[in-house]
Amino acid sequence: MLKELSTSLKAQLYERVSSPILGSLLIFWLLFNWEAVVYFMLSDSKVEDKILYINENFKDIWVNVYSPLIYSSIFCLVYPLLSFIPFYIWEWVSSQKLKSKNNLSMSEPLSVERSIAIRKELLEKETKIRRVIIEHNEEKEELEKVIKSLTSDNERLYKVISKFKSIRPAEYLELTDDEEVVLGYFRNLEDSHYYIPSDIIGDNDVSLEYTIKTLDALESKNLLRKSGDSHKGEEGYEITSSGRKYLADKIINEHE
């Protein structure tokens with residue numbers, strides 16, 4: 001606590017002493033009262049006699065207070081203007097020296113070694129620039145190839161989708177879970193090929209009757225149709241263009 005208080009007091013005293021106003025006031029006060037100060041410091045008289053003598057001979061309100069205040073105030077107002085003049089002259093001379101140095105260095109002829117070094121540096125930088133341009137062009141060509149390939153694939157996919165006849169969007173057709181599963185079996189079935197109900201049952205634990213019922217429900221929604229062929233006494237079913245369009249819409253909707 002005492003250390004912090006001491007540090008704070010020292011800081012305050014330093015700020016006051018270093019103040020230009022207080023410093024100039026102290027200087028002018030010494031100029032006006034130097035005789036009293038010299039007498040007090042160098043006289044051999046007792047301190048009481050010194051104080052009495054100073055009160056009788058050097059006590060003057062104008063000399064002790066007013067004059068130092070007036071002159072120090074004027075000095076504080078004029079000093080920034082006076083200090084600006086040498087600062088401006090110094091900076092102007094420095095700028096002129098720098099300008100002269102630049103002019104001399106530009107007019108000075110280059111040595112052969114220096115000229116060769118500069119030319120070599122320029123060639124190296126030009127080589128780097130050409131290398132960067134080539135690399136940029138190669139990357140640009142690769143990107144253009146990728147873009148062209150993706151564009152071609154998109155066009156092909158749009159053509160495939162456009163071949164399907166327009167039906168109601170997939171989200172407007174209501175299918176049961178079993179109907180979705182059964183219709184999914186026909187996803188990779190080629191045109192003019194068919195499945196019989198037993199093919200659909202497979203390892204699923206459902207009856208033949210229920211499978212035929214599900215196939216007939218899909219037929220009623222124009223997603224499947226009877227192929228007209230039969231196998232092992234069972235009628236065949238093939239997918240319609242509406243069924244393929246429904247499956248394609250489902251895939252598109254799932255990825256949007």
Side-chain angles (χ1 to χ4, degrees), residues 1-137 139-140 143:
M1 183 68 181
L2 292 176
K3 185 177 180 180
E4 294 178 357
L5 180 60
S6 175
T7 302
S8 176
L9 290 174
K10 288 179 181 179
Q12 294 293 330
L13 289 173
Y14 177 79
E15 182 180 355
R16 299 294 185 271
V17 172
S18 60
S19 172
I21 298 175
L22 186 58
S24 61
L25 179 61
L26 179 60
I27 292 172
F28 280 105
W29 186 89
L30 289 174
L31 289 176
F32 281 99
N33 297 277
W34 66 272
E35 292 178 339
V37 174
V38 170
Y39 172 78
F40 186 82
M41 295 180 65
L42 300 180
S43 176
D44 296 332
S45 303
K46 295 180 179 180
V47 176
E48 294 81 0
D49 296 335
K50 290 180 181 181
I51 295 174
L52 182 61
Y53 182 80
I54 290 172
N55 285 332
E56 291 177 353
N57 296 279
F58 299 104
K59 190 174 182 180
D60 186 346
I61 190 67
W62 274 97
V63 174
N64 300 141
V65 180
Y66 293 152
S67 295
L69 279 175
I70 292 172
Y71 279 89
S72 62
S73 299
I74 294 173
F75 175 79
C76 289
L77 293 174
V78 176
Y79 175 75
L81 297 176
L82 294 176
S83 63
F84 176 77
I85 295 173
F87 169 78
Y88 177 82
I89 295 173
W90 178 266
E91 291 296 324
W92 183 82
V93 172
S94 298
S95 64
Q96 292 300 315
K97 286 171 64 178
L98 182 60
K99 187 182 296 183
S100 300
K101 183 178 180 180
N102 291 334
N103 291 334
L104 290 173
S105 63
M106 292 297 292
S107 61
E108 182 181 355
L110 290 174
S111 63
V112 176
E113 293 80 5
R114 180 61 178 162
S115 178
I116 293 173
I118 293 176
R119 191 169 300 175
K120 182 179 179 181
E121 185 179 355
L122 288 174
L123 289 174
E124 290 177 353
K125 289 184 177 180
E126 288 179 358
T127 302
K128 290 181 180 179
I129 291 172
R130 285 196 295 269
R131 188 183 303 116
V132 170
I133 292 174
I134 292 172
E135 292 176 356
H136 176 74
N137 289 335
E139 292 178 357
K140 183 179 179 182
L143 288 174

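A quick note: this is a predicted structure, and the numbers were derived from the prediction, not measured.
Atom-to-atom distance recorded for Ile118:CD1 and Glu121:CD is 7.5 Å, nearest 0.5 angstrom. In this structure, the separation between CZ on Phe28 and CG on Leu69 is 11.5 Å, given to the nearest 0.5 Å. To the nearest 0.5 Å, atoms CG (Leu26) and CG (Leu31) are separated by 9.5 Å. Distance check: Lys120 NZ to Leu123 CG gives 10.0 Å after rounding to the nearest 0.5 Å.
A salt bridge between Glu135 and Arg131 is absent, with no side-chain N of the basic residue lying under 4.0 Å from a carboxylate O of the acidic one.
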### Query
Should Trp29 and Val37 be marked as a side chain to side chain contact (heavy atoms under 4.5 Å, CB included) after you check the CA-CA gap, both sets of side-chain angles, and the distance that decides it?
CA-CA 10 Å; Trp29 186 89; Val37 174; 3.7 Å; yes
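The minimum heavy-atom distance between Trp62 and Pro68, with the atom names listed, is O-CD, 3.8 Å.
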